[in-house]
2 protein chains.
Amino acid sequence: MSSIKDVAREAQVSIATVSRVYNNPKVVRGKTKERVYSAAEKLGYTPNFLAQTLRKSIVGTIIAIVPDVSNAFFMDMVRGIQDYAESRGYNVLMGHFNLNNFDIRKYVKLIKSKAADGIVMATGHNRHFKPVKEARNVPMVTIEEEFMGNPYIYVDNFEAIKKIVEYLAFKGRKKMGFLGFKTEEERFEAFKSALKMYGLEYDKNMVKKGEEVGKAVYNSAMEYVESLVEKHKIPEAIVCTSDVLAAGAIKWLIKSGLNVPKDVAVTGFDNIEVAELVYPGITTVEQPHESMGHEAARLLINKIEGHEIAKKIVFQTRIIIRESA
Amino acid sequence: MSSIKDVAREAQVSIATVSRVYNNPKVVRGKTKERVYSAAEKLGYTPNFLAQTLRKSIVGTIIAIVPDVSNAFFMDMVRGIQDYAESRGYNVLMGHFNLNNFDIRKYVKLIKSKAADGIVMATGHNRHFKPVKEARNVPMVTIEEEFMGNPYIYVDNFEAIKKIVEYLAFKGRKKMGFLGFKTEEERFEAFKSALKMYGLEYDKNMVKKGEEVGKAVYNSAMEYVESLVEKHKIPEAIVCTSDVLAAGAIKWLIKSGLNVPKDVAVTGFDNIEVAELVYPGITTVEQPHESMGHEAARLLINKIEGHEIAKKIVFQTRIIIRESA
DNA sequence: GAATTCAATGTAAATGTTTTCATTATCAAC
DNA sequence: GTTGATAATGAAAACATTTACATTGAATTC
């Protein structure tokens, strides 16, 4: 690989001039510029990123940490992050979160060692995650939940679930079940509180909060429906905390000879492709994943570049009505 | 940020010694090491990644380019890439591919400027992608299709589709339709060739090859089924080139009052979560996405580190039988 | 024609490391 | 107490840049 030195020699100028041609072209004479350009072309020169950033001490890379489950949800978010980062000239380094084997210090180290400037974290479990002292001064923005007092992107789960229950109640459904995961407390609380609000009875037998390890999502839905059938406790509606869960529930309900939505209405959460793809289409809560990623990246980059930024950005959800409820 | 210099001063040793403590600890005396460690601790020192790689001229970053559609397929692949890269101490930079707005030169530049060492490319469209002269000497491994003579990871589409048709024929299905995209020529050819092999008739009316721009996947399935119904040309089986297409087809078939698989059998491709999630579960071809990513990363990193590597790695597919066929 | 100004370019320091080579300290053997 | 060998450390070059400061040269003004 040829360096700036080689180009300088070839073009018969100093290295400073070559550097200027790339960083501040207007200060160098047209003719000299020409010489430099053709020398660079001839030698196939590209400025060395490492040396540049070492000198300028601005890296231009952010880390995006998402769970390592293959969910379209996170893929969309990553895309939002990436698109925006790109528009600001930043690169995105992939990080991944694994519930039973995650050490954020690995990523913090990348920041401290100047391999990257900041972190967008969307684990879905920040809340259950101990603060890490090394991460104290690392520019970080989280999605969905707060972490260590950093700015975060928030979706009003409480409001969303409330709207869903309201919709179901409005449609005349009384006995409602809940299918979610242990970590989604806010949504569960919202469910219970909404039931109360609409004068509906809460039945513990119709609730399942799974463990969420690995690919248990599908099994969780299956077990849930099986236990309902076994107990002869069939709700008139099931509120699920994700579209994947809802799809699973629908599948098993149909298999058990029940009709969705006639016998049992089912609602999801996320509005990912699956919600549209299955039959019946899933009535669900839309989360603007891509925009969330977008905003997270925007906050982070602004912070990195020293601007004052918001502490919290709240996104509105809306209900998408399809056939399942 | 404190540098190696600061630590050296604090510990009263030379910078060389500090460096050695981190890179080659056994050559420095225990007591000195102690001094250095506590100085580093006190100053919160982390070696500067940029300076390190500048000096060692080994970067330790690869770029993973995947399409920007939110498909679990690619998410799995990225995970495979990332997991393996991590195990070799490499970071993964996200790149994304957009059919009508993709310029690989952006990524090539990152390599040339030493921001990264190589590229794993999984666009699904390499074949239709013009060679780029700048990319000539860039370490690159592609997935699914060859590109510019680089090593690639291959799945035998021909064989896979053949197996699917064989299975359907074996089940007594005669009139078969095909739903895929224009770019998937190999699978289409395989379909036609397999029909011939089993003495079945090819009916142009039962074929759709969509354009595949953006999120058209779902619509494509809908239009396909609608046109079949309109023409009163209902096949006994439909071979789809992805699970998403299959799910869409199933949904619209059911909506049209047809029974899957009784009236129409439907098969997918990929074996992503959706295949398990919908009802009826989709009979499909399993592609080992994660392993493919894994192998791609392995090849690339070996190439980067100067080892001799394979030109082509072929993965075996297998049929996963569920309810839809 | 000398003085002044300004545009264009060059020199050299600085960024934070690793590593080669040279030097010094330590210790055993005679 | 020398000598020699070896272990531990230091000095400085090298990696590829950017940039503050200095220098040059030409044009402008008087």
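Order of the sequence lines sets the chain letters (A, B, ...), proteins ahead of strands, with each chain counted from 1.
Rounded to an integer number of Å, the gap from CG of B/L54 to C1' of D/dT17 is 8 Å. In this structure, the CZ atom of B/R20 is 20 Å from the P atom of C/dG16, given to the nearest Å. Rounded to an integer number of Å, the gap from OH of A/Y22 to P of D/dT17 is 10 Å. Atom CD1 of A/I4 is separated from atom P of D/dT19 by 11 Å (rounded to the nearest Å). Per the geometry, NZ belonging to B/K5 stands 15 Å off P belonging to C/dT18, to the nearest Å. Across the protein-nucleic acid pair, A/K31 atom NZ and C/dA8 atom P stand 14 Å apart, rounded to whole Å. Computed from coordinates, the B/I15 CD1 to C/dG16 C1' distance equals 8 Å when rounded to whole Å. A/N24 has its CG atom 13 Å from the C1' atom of C/dT9, to the nearest Å.
Take the nearest nucleotide of DNA chain C for A/S14 and for B/T17: the residue whose nucleotide is more 5' is A/S14.
Within 4.0 Å of A/S19, counting heavy atoms only, lies at least one base atom of the nucleic acid. B/T46 comes within 4.0 angstrom of the backbone, heavy atoms only, and of no base. Residue-level contact check: B/F49 touches neither bases nor backbone, having no heavy atom under 4.0 Å from any strand.
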Apply side chain to side chain contact (heavy atoms under 4.5 Å, CB included) to B/Y107 and B/I65, showing your working. CA-CA 9 Å; B/Y107 301 107; B/I65 303 179; 3.5 Å; yes

With side chain to side chain donor-acceptor pair (under 3.5 Å) as the criterion, how do A/R88 and A/N302 come out once you've worked through the C-alpha distance, each side chain's angles and the decisive distance to 0.1 Å? CA-CA 10 Å; A/R88 294 278 294 263; A/N302 281 342; 3.0 Å; yes

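Proximity of the aromatic rings of B/Y45 and B/Y22 is defined here by a centroid distance below 6.0 angstrom, and this criterion is met. Residues B/F129 and B/F102 place their aromatic rings such that the two centres sit under 6.0 Å apart.
The phosphate of C/dT17 (OP1 or OP2) has no side-chain N or O of B/T53 nearer than 4.0 angstrom. Here A/Q52 reaches the OP1 or OP2 of D/dT18: one of its side-chain N or O atoms lies under 4.0 Å away. The side chain of A/N23 places an N or O atom within less than 4.0 Å of a non-bridging phosphate oxygen (OP1 or OP2) of D/dT18. When the side-chain nitrogen and oxygen atoms of A/S57 are compared with OP1 and OP2 of C/dT15, none of them lie within a distance under 4.0 Å. Phosphate contact (OP1/OP2 of D/dA7, side-chain N/O of B/R29, threshold under 4.0 Å): absent.
Judged by the 6.0 Å distance and 45° axis criteria, B/K312 is positioned over the aromatic ring of B/Y154.
The nucleotide whose nearest atom lies closest to any side-chain atom of B/K56 is, among D/dT18, C/dT18, C/dG16, C/dT18. The side chain of B/A51 sits closest to C/dG16 out of C/dT9, D/dT19, C/dG16.
Taking 3.5 Å as the limit, the base of C/dG16 and the side chain of A/R55 contain no donor-acceptor pair of atoms between them.
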